[in-house]
Participant: 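Structure provided below as structure tokens; questions to follow.
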Amino acid sequence: MGFPATGQRGYAWERTKSTQSRLELIWLPRSEPARAEPRLRVQLSDPLATAQAEGAPVEFILSVCRGPRCGCTNIRLRAPPASEGAEPKSRVFQPDIWLDLETKTLVRGSDSTEYPAFEPLDGIVRTQLTDAGRQELRKWFFAEKLELILTAPLDQIDIENLPDSSSGEMIGFVDVFPCGLAFNFTFEDESWAVDDQFCVQPKCSCSETILSFLKLVDRSGVLAKEISAPPSIRYDYHTHKTKFPSDWPANGPSRTDLLGALKATNSKLDEHLQIRHLILQTLYTRQAIERFKSRLRSLSVTLRPKIGRNDPCHCGSGRKFKHCCLNKADPTRESPGGTSL
């Protein structure tokens, strides 16, 4: 991922009170050599710093939203817990603070209690978190989010509001997982990404995907504000066959060169495409099963024969319906005593 200072803390703080607030983004090593874990280390100025342990800096632990299908770019800041045996004074930092990477501002979480250091901390982040630091956090955020998406149990991923596929159209991975853009590469000093789309019909066994090439940053360093009608190809991740549309831009890079650059950067492209395809197909299969169950329940209610109060109960108990399952069939029905059963 190219995170800076992997394995190094990159600071030398003195445990003395300071009249100047400071913020530093540091990276701690993890088990994987190419991965690192970020921290935000903050020193608040007096008089708020006196509410900390003699003005000591606070090192915030960072984590991403755990919802695989959530499209937010917020990072949670968690202050270290109070030391054991500490007096129950009012907390300087609230337990649920989020950093919005798009606006570089802090957002209060579910705990709306006012904490004295929230506004000063927000000001420090706004003014001292550099654009380079924010870009490093964005790379880390999307790497963490993608790992979360690919490792989440498929039976626990929300299938509400999946994009409509009833007409057989291809569905983009990022349309289901907004933070799931994965295939980045560089071509002729320009930064590109790929939007991958798949057939999600449960009975379909195709291995074809649509790859749309998105230019994110041009060679002069200008970020794309809007991407419309990106050049696309059809690619089979099993046979490696490609189909090129006739409307490929004449003044852009050749489709063969772009596909070659993509494969050169992503050596396991075919394997990753297959995994992402299977994830989408699994979610849409679950959705189809749930819809079938819902229709079956509705049909069973419609076809259920009418049972008279004095008829034998359909459960086979031998008792009359009114003395057996009548109230069980209608939970809102009141008992003779006037209370709901």
Side-chain angles (χ1 to χ4, degrees), residues 1-3 6 25-32 34-42 58-82 91 93-113 115 118 121-122 125 129 133-163 171-184 193 195-196 198 200 272 275-287 289-290:
M1 293 300 299
F3 297 122
T6 302
L25 174 62
I26 59 177
W27 297 87
L28 304 182
R30 294 206 315 192
S31 56
E32 300 178 40
R35 298 290 292 276
E37 191 173 355
R39 294 283 190 271
L40 276 183
R41 205 162 198 255
V42 178
V58 176
E59 192 171 294
F60 288 93
I61 301 170
L62 307 186
S63 59
V64 302
C65 166
R66 303 301 297 175
R69 294 191 59 202
C70 178
C72 77
T73 55
N74 295 342
I75 295 177
R76 186 179 186 182
L77 277 62
R78 182 164 57 88
R91 288 175 291 184
F93 297 104
Q94 63 189 108
D96 199 11
I97 304 175
W98 295 81
L99 168 61
D100 186 337
L101 283 175
E102 297 301 324
T103 61
K104 207 170 69 170
T105 59
L106 297 186
V107 180
R108 300 181 190 273
S110 57
D111 189 336
S112 59
T113 306
Y115 287 83
F118 180 85
L121 180 61
D122 182 47
V125 171
L129 179 60
R134 180 166 59 168
Q135 186 62 25
E136 292 163 9
L137 284 177
R138 285 180 61 87
K139 291 180 181 178
W140 168 82
F141 172 88
F142 284 107
E144 292 289 305
K145 199 71 175 182
L146 184 60
E147 182 177 344
L148 173 67
I149 292 170
L150 297 179
T151 58
L154 294 180
D155 61 343
Q156 297 179 20
I157 296 178
D158 177 29
I159 58 173
E160 294 293 327
N161 302 316
L162 289 176
I171 300 298
F173 195 82
V174 294
D175 292 328
V176 176
F177 301 99
C179 293
L181 199 66
F183 306 114
N184 298 319
D195 174 25
D196 47 333
F198 305 91
V200 295
H272 291 161
I275 291 173
R276 291 157 75 89
H277 192 181
L278 288 174
I279 289 174
L280 292 188
Q281 278 194 317
T282 301
L283 296 186
Y284 276 88
T285 299
R286 280 180 52 207
Q287 183 190 64
I289 292 173
E290 290 301 317

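We number each residue from 1, following the sequence as shown.
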Participant: With sequence neighbours excluded, tell me which residues meet side chain to side chain contact (heavy atoms under 4.5 Å, CB included) with C65.
Facilitator: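 Partners of C65 by the side chain to side chain contact (heavy atoms under 4.5 Å, CB included) criterion, ordered by chain and then number, come out as C70, C72, W98, K145.
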Participant: Just verifying a value: how many Å separate F173 CZ and F183 CZ, rounded to the nearest 0.5 Å?
Facilitator: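 Result: 8.5 Å between the selected atoms.
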Participant: Is it true that E102 and R138 make a salt bridge, defined as a side-chain N closer than 4.0 Å to a carboxylate O?
Facilitator: yes
Participant: Any non-hydrogen side-chain atom of L162 less than 4.5 Å from a side-chain atom of R69?
Facilitator: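 Answer yes - side chains close enough.
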Participant: Hey, are the side chains of R76 and V64 touching, using non-hydrogen atoms and a 4.5 Å cut-off?
Facilitator: no
Participant: So, taking the atom named CG in L99 and the one named CG in L40, what distance separates them when rounded to the nearest 0.5 Å?
Facilitator: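 L99 CG to L40 CG: 7.0 Å, rounded to 0.5 Å.
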Participant: I want to check a possible cation-pi pair here: R78 against F60, using under 6.0 Å from ring centre and within 45° of the ring axis as the test.
Facilitator: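 The answer is no; the distance or angle limit is not met.
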Participant: Quick one: are L146 and F177 in side-chain contact, heavy atoms under 4.5 Å?
Facilitator: no
Participant: Does D155, at its CG atom, have more than 12 non-hydrogen atoms belonging to other residues, nucleotides or ligands within less than 6.0 Å?
Facilitator: yes
Participant: Restricting to side chain to side chain contact (heavy atoms under 4.5 Å, CB included), what partner residues turn up for D195, sequence neighbours left out?
Facilitator: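 Partners of D195 by the side chain to side chain contact (heavy atoms under 4.5 Å, CB included) criterion, ordered by chain and then number, come out as V174, Q197, S212, L214.
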Participant: Measure across I159 and L283 and return the closest heavy-atom pair with its distance rounded to 0.1 Å.
Facilitator: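 In this case the closest contact between I159 and L283 is CG2-O, 3.8 Å.
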Participant: Could you state the interatomic distance from CD1 (I75) to CG (L106), rounded to the nearest 0.5 Å?
Facilitator: 11.0 Å
Participant: Run the salt bridge (charged side-chain N to carboxylate O under 4.0 Å, His left out) test against D122 and tell me which residues pass, sequence neighbours left out.
Facilitator: R126
